[in-house]
Amino acid sequence: MNEEEKGYVSYTFPERLLKVKKLENFGRLNQEVIRSGVCSACGTCVSICPEKALIMEGETPKLIGKCSACGICYRACAKTITSVKALVGDYVAAFVGKSALDKVNGQDGGVVTSLLMYAMDNGLIDAAIVTMKSEEDPWKPVARIVTSSEELLKSSGSVYSHSQTVEALVEAIDKGYRSIAFVGTPCNIDAVAKMQTQPFGLLHLFMKAKILKVGLFCMDSFSHEGLKEFFEEEQGIPLSSISKMGIAGGKFNISYDADKTGAWTVKELDKYRSTSCHYCRDLTSEQADISVGSVGSPDGYSTILVRTGVANELLEDAMENGYLVLEPLDREGLQRVLNLARLKKVQMYTERRRHTYVLKYVPTTAGVPEPVERVGAIPLAEEKTKEKEGIAERALRKLLKVSEARFVEGNTMLQLTLSNNSGKTINGVKVRIAQLEDLFETNSWETYIETWYPFEELEFAYPRAENDKEYLLTISDRQGTILSQKFNVKEMEGKKTE
Ligand SMILES: Cc1cc2nc3c(=O)[nH]c(=O)nc-3n(C[C@H](O)[C@H](O)[C@H](O)COP(=O)(O)OP(=O)(O)OC[C@H]3O[C@@H](n4cnc5c(N)ncnc54)[C@H](O)[C@@H]3O)c2cc1C
């Protein structure tokens, strides 16, 4: 039987069938490249637009006609990420699949567990590194070395927090296991790939053991303590009552109390998202031997990207021996994987590491600030009124710093640069700058920062008044003042002349 007759192996067809989608229009180019400041003003999009609908306005491409969503400007732009390889890495075959074993109850198709069971049952691996839920602390991930199919069955399902899988891998090698399957998220896989390829005195580990890297797709991971706070304190749902967590279509879904379900937008849990995920560009575990995820396949199935020959042979054998059911990934499925992969890649453009916020002038009676209209803010009425915070979070917020204060633009503006050194995303911060005159505040200016990303610097420019002596910066949230700092004009001018 040749490959086509078998009907499940195809090395090139996803690329062949991939077509440019209507999604790739000027709107997307504008959002990902132009508005984020990544555009280098080369003018390519303007020059090749078949509709002649774009012009350069200064250094910015502008749409002046009708965009037909042909995708040419998006594809031609030097800054967009468009090739399949750039989005999901190299792979030799792509499938959707599910377990053929009734006893496997996986997160999606149970592909990871069934593949490992096939390898284990046939002596191809002597251990697997998997992640289970802690028995003492529900939903806390615990990395384990398992050596039997029975244990593998207990390890299926996704735990949405970072798991220390590498520790378990090193322990397994130290214990003498020599053929090991390692399951991990892209960051776990990257750690092992780097240890395997970089000469850091790790020969004693990696010359001894063969490791099959089974990567999971991963868009987000959350701090375990954060999930606890969100579900237990904010929603009143004990983690111990939750039987399944899953993310699909931008929703964080749970099943709990045997017959109940709940769903929140992932954005609602954003402040509990692991900070490292803001910097991660890899959806599909590009350095794995085989990658498995849910996007791109129907409910109850997993999407599989096979990247190495050994992994391909293992997968085919598992299918031929009744562990897995596989069929080719179709072009719509691949397109969904590519769309999500792109969302993760373009995080590098939307990180918003540095902003200049223009403050809005709010006249105040001396000392008595009036209600303000806030720049870029959600309206007061829509704001959550019962925002709760743990003590730890309050303490972290203390790590907000004024990293620079100086006069700019011919000494007409006070420029303050603030850093969020807390390592956490902070939501709902009010920044207020006022002039101090004999202890009274005048000319108070105020702005509202909806989301302040970790290590992001915010830059504020505040117009100076004549004969100014002192300025006051106040940063607050719903629970009160986080930082209050005065800036003496004489001291600042003195510093400059020194
Ligand atoms: C944090 C996280 C985020 C994810 N985000 C996405 C996403 O955005 N889009 C998407 O398509 N897929 C995502 N996935 C992958 C998806 O949830 C499934 O793991 C994948 O589809 C495989 O399903 P399965 O039924 O074949 O696996 P199963 O047969 O259920 O096996 C799952 C395997 O994953 C291991 N595992 C569970 N949690 C962890 C963990 N925290 N770290 C390391 N290994 C773990 C288990 O030990 C088990 O071996 C994510 C997975 C995780 C852990």
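What's counted below: heavy atoms across the whole structure, side chains too, no hydrogens, waters or symmetry copies. Position 1 is the first residue of the sequence, and the numbers go up from there.
Within the 4.5 Å cutoff, the side chain of Ile81 has heavy atoms near those of the Leu87 side chain.
Within 6.0 Å of NZ in Lys154 there are 12 or fewer heavy atoms belonging to other residues, nucleotides or ligands.
Ionic pairing of Lys175 and Glu171 is present here: one or more N-O contacts between side-chain nitrogen and carboxylate oxygen are shorter than 4.0 angstrom. We find that Lys345 and Glu286 are joined by a salt bridge, their nearest charged nitrogen and carboxylate oxygen being less than 4.0 Å apart. Electrostatic pairing of Glu232 and Lys228 does not count as a salt bridge here, judged by no charged N lying under 4.0 Å from a carboxylate O.
Taking every heavy atom of both residues into account, Asn253 and Ala248 meet most closely at ND2-N, 4.0 Å. The two residues Gly246 and Tyr160 come nearest to each other via the heavy atoms CA-OH, 3.5 Å. For Met117 against Tyr323, the heavy-atom pair with the smallest separation is C-CE2, 3.8 Å. Summarising the geometry of Ser99 relative to Leu324, their closest heavy-atom pair is CA-CD2, 4.1 Å, with the distance given to 0.1 Å. Scanning both residues, Ile129 and Phe182, for their nearest heavy atoms gives CB-CD1, 3.9 Å.
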Note to self: Applying ring pair (Phe, Tyr, Trp, His ring centres under 6.0 Å) to Phe222 and Phe230, what does each step give before you reach the verdict?
What the structure shows: CA-CA 11 Å; Phe222 300 86; Phe230 181 77; 9.1 Å; no
Would you tabulate the side-chain donor-acceptor contacts of residues 207-214 under 3.5 Å, counting partners in other chains and residues two or more places apart, or write 'none'?
from: Lys208; atom 1: NZ; to: His204; atom 2: O; distance (Å): 3.1
from: Lys213; atom 1: NZ; to: Gln196; atom 2: OE1; distance (Å): 2.9

Do any side-chain atoms of residues 299-307 form donor-acceptor pairs under 3.5 angstrom with protein atoms, and if so which ones, sequence neighbours left out?
from: Ser302; atom 1: OG; to: Gly109; atom 2: N; distance (Å): 2.9
from: Thr303; atom 1: OG1; to: Val295; atom 2: O; distance (Å): 2.6
from: Thr303; atom 1: OG1; to: Ser297; atom 2: N; distance (Å): 3.3
from: Thr303; atom 1: OG1; to: Ser297; atom 2: OG; distance (Å): 2.9
from: Arg307; atom 1: NE; to: Ser285; atom 2: O; distance (Å): 3.3
from: Arg307; atom 1: NE; to: Ser291; atom 2: OG; distance (Å): 2.9
from: Arg307; atom 1: NH1; to: Val88; atom 2: O; distance (Å): 2.8
from: Arg307; atom 1: NH1; to: Asp90; atom 2: O; distance (Å): 2.8
from: Arg307; atom 1: NH2; to: Val88; atom 2: O; distance (Å): 3.1
from: Arg307; atom 1: NH2; to: Thr284; atom 2: O; distance (Å): 2.9
from: Arg307; atom 1: NH2; to: Thr284; atom 2: OG1; distance (Å): 3.0
from: Arg307; atom 1: NH2; to: Ser291; atom 2: OG; distance (Å): 3.3

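With sequence neighbours left out, the salt bridge (charged side-chain N to carboxylate O under 4.0 Å, His left out) criterion links Arg342 to Glu24.
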